[in-house]
Structure formats: C-alpha cells, structure tokens
Amino acid sequence: MTDEGTAYFAYGANILLDGMAERCPGARLVGPARLGGHRFRITRHGVATVVEAPDAAVWGLLWMLTDEHLQALDRFEGVAHGFYRRALRPVAPGSGPPVDAVIYVAADAEPGRPRSGYLEPIVAAAGVHGFPVPYRDELRAWL
C-alpha cells in the first residue's frame with residue numbers, strides 16, 4: 001500500500017473496463033503489465049487463474065485501488081468462500097520499475113473449459129489493450 005493505493009494486477013474478467021468501473025468506481029488504471037513466471041489457465045470452474053510456470057508470462061492490467069476497492073474485489077472473487085485467494089507478486093508495468101501487486105489466484109487450479117461467454121470478451125480486451133499477439137493466441141487456445 002502506498003499513498004496512491006494498492007497495486008492490483010488483473011488478468012481475467014477484471015481487464016474489462018466496464019466491469020471494473022462497476023465493481024471499483026474510481027479505481028485508477030495504470031496500464032498494461034506483465035506477470036513473469038506464470039501461465040494463464042482456465043479452471044474446471046470455467047474461470048481464469050494463473051499457475052507458476054518459469055518460462056511463461058501473463059499479460060494484464062495494473063490498477064491502483066483503495067481498501068474499499070479491494071474489499072469489493074474480495075467479494076467478487078469469492079475470497080470468503082475460498083474460491084480465490086489474494087497473493088502478492090512482482091509485475092512489470094509498461095514503463096517504470098517492477099511493482100509488488102495483489103493478484104487473485106483460484107484455490108482450485110485444475111484445468112477446464114471456460115464458462116459460456118466468459119473468455120471471448122477477455123480475448124477481445126487483450127487486443128484492445130495491445131497485449132502481444134502470441135499471448136492473445138494463448139488465450140484463444142482456451143476457447
């Protein structure tokens with residue numbers, strides 16, 4: 001936590017700007033960022049998580065959040081029910097030094113298929129945000 005808030009790295013549904021505006025009004029978007037040493041995965045529950053993978057990276061958006069925003073995301077991600085948990089990982093923003101950011105990691109990371117209509121908007125947003133083409137191809141492979 002800094003005077004600016006808490007850094008948060010979104011890689012799934014929270015890269016959709018409309019959804020974040022609804023869940024976390026006033027959150028400040030920093031921009032695209034990269035989480036090294038991890039790979040994107042769709043869980044058997046049909047939603048996104050990240051898993052450790054030394055030679056991989058996950059692209060997403062870096063946000064600055066207030067405590068109230070984090071509480072809203074905890075509710076959205078089902079933290080109290082054990083669906084996701086918070087973790088702190090270093091992420092590399094498009095410019096500037098790496099920052100320690102909150103991420104949400106699914107408790108059950110067994111691979112599966114995406115829920116109907118879940119992944120398509122994430123893939124589209126990855127293009128809008130300019131994530132690298134090979135990474136967007138990796139996301140499409142889950143469709």
Side-chain angles (χ1 to χ4, degrees), residues 1-51 53 56-143:
M1 180 87 168
T2 68
D3 291 342
E4 294 183 52
T6 300
Y8 162 62
F9 177 76
Y11 57 84
N14 291 329
I15 70 168
L16 305 174
L17 301 183
D18 289 346
M20 273 298 283
E22 185 177 310
R23 286 184 281 285
C24 300
R28 185 172 67 84
L29 175 61
V30 176
R34 180 181 175 274
L35 171 65
H38 290 76
R39 181 175 309 284
F40 179 93
R41 174 178 287 173
I42 294 293
T43 71
R44 67 181 172 168
H45 297 289
V47 295
T49 194
V50 294
V51 294
V58 174
W59 285 85
L61 295 180
L62 186 62
W63 296 87
M64 293 305 292
L65 305 180
T66 65
D67 288 341
E68 292 79 18
H69 294 142
L70 285 169
Q71 291 168 11
L73 287 181
D74 282 355
R75 287 188 298 275
F76 177 72
E77 302 292 359
V79 171
H81 303 289
F83 196 58
Y84 278 89
R85 65 177 171 77
R86 281 192 209 175
L88 199 62
R89 298 286 186 275
V91 301
S95 62
V99 297
D100 287 333
V102 169
I103 64 170
Y104 287 88
V105 180
D108 182 352
E110 286 297 314
R113 303 297 312 152
R115 292 179 181 172
S116 178
Y118 175 79
L119 192 56
E120 294 83 353
I122 294 170
V123 171
V128 169
H129 297 305
F131 297 170
V133 171
Y135 181 73
R136 293 186 310 211
D137 291 343
E138 183 180 331
L139 294 178
R140 278 189 206 93
W142 286 97
L143 290 173

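These numbers were taken from a predicted model, which means no experiment stands behind them.
Not a single salt bridge (Lys or Arg N to Asp or Glu O under 4.0 Å) links Asp100 to another residue, sequence neighbours left out. Under the side-chain hydrogen bond (donor to acceptor under 3.5 Å, both in side chains) criterion, Tyr104 pairs with Asp74, not counting sequence neighbours. With sequence neighbours excluded, no residue satisfies side-chain hydrogen bond (donor to acceptor under 3.5 Å, both in side chains) with Arg115.
Taking both residues in full, the closest heavy atoms of Leu35 and Phe9 are given as CB-CE2, 3.7 Å, listed atom of the first, atom of the second, then distance. Counting all heavy atoms, side chain and backbone alike, Ala7 lies closest to Val99 at CB-CG2, 4.4 Å. Looking at every heavy atom in both residues, Ala101 comes nearest to Leu62 through CB-CD1, 4.0 Å. Contact record, Ala33 with Pro93: CB-CA, 3.8 Å, taken as the closest heavy-atom pair.
With rounding to the nearest 0.5 angstrom, the OG1 atom of Thr49 is 13.5 Å from the CZ atom of Arg39. Rounding to the nearest 0.5 Å gives a distance of 11.0 Å between NE2 of His81 and CZ of Arg75. Note that the CE atom of Met64 and the OG1 atom of Thr6 stand 6.5 Å from one another [nearest 0.5 Å]. Atoms OH and NE2, on Tyr8 and His69 in that order, are 12.0 Å from each other to the nearest 0.5 Å. Residue Tyr135 holds its OH atom at 11.0 Å from CZ of Arg34, rounded to the nearest 0.5 Å.
Residues Val102 and Leu88 have side chains in contact (heavy-atom distance under 4.5 Å, counting atoms from C-beta outward). The side-chain heavy atoms of Tyr11 and Val50, taken from C-beta on, include a pair separated by under 4.5 Å.
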Please walk me through it: do Glu77 and Arg86 pass salt bridge (Lys or Arg N to Asp or Glu O under 4.0 Å)? CA-CA 9 Å; Glu77 302 292 359; Arg86 281 192 209 175; over 6 Å; no

Could you go through Thr43 and Asp108, starting from their C-alpha distance and side-chain angles, then the distance that decides it, and tell me whether this counts as side-chain contact (heavy atoms from CB on, under 4.5 Å)? CA-CA 7 Å; Thr43 71; Asp108 182 352; 5.8 Å; no

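For the salt bridge (charged side-chain N to carboxylate O under 4.0 Å, His left out) condition, no pair includes a residue of residues 88-99, sequence neighbours left out.
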Enumerate donor-acceptor pairs with a distance under 3.5 Å from any side-chain N or O in residues 16-29 to protein atoms, sequence neighbours excluded.
residue: Arg23; atom: NE; partner: Asn14; partner atom: OD1; Å: 2.9
residue: Arg23; atom: NH2; partner: Asn14; partner atom: OD1; Å: 2.7
residue: Arg28; atom: NH2; partner: Glu4; partner atom: OE1; Å: 2.4

Using a 3.5 Å cut-off and no angle test, enumerate the donor-acceptor pairs between side-chain atoms of residues 118-132 and protein atoms at least two apart in sequence or in another chain.
residue: Tyr118; atom: OH; partner: Ala48; partner atom: N; Å: 3.1
residue: His129; atom: NE2; partner: Ile15; partner atom: O; Å: 3.0

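Between the side chain of Arg113 and the backbone N or O of Leu143 there is at least one donor-acceptor pair closer than 3.5 Å.
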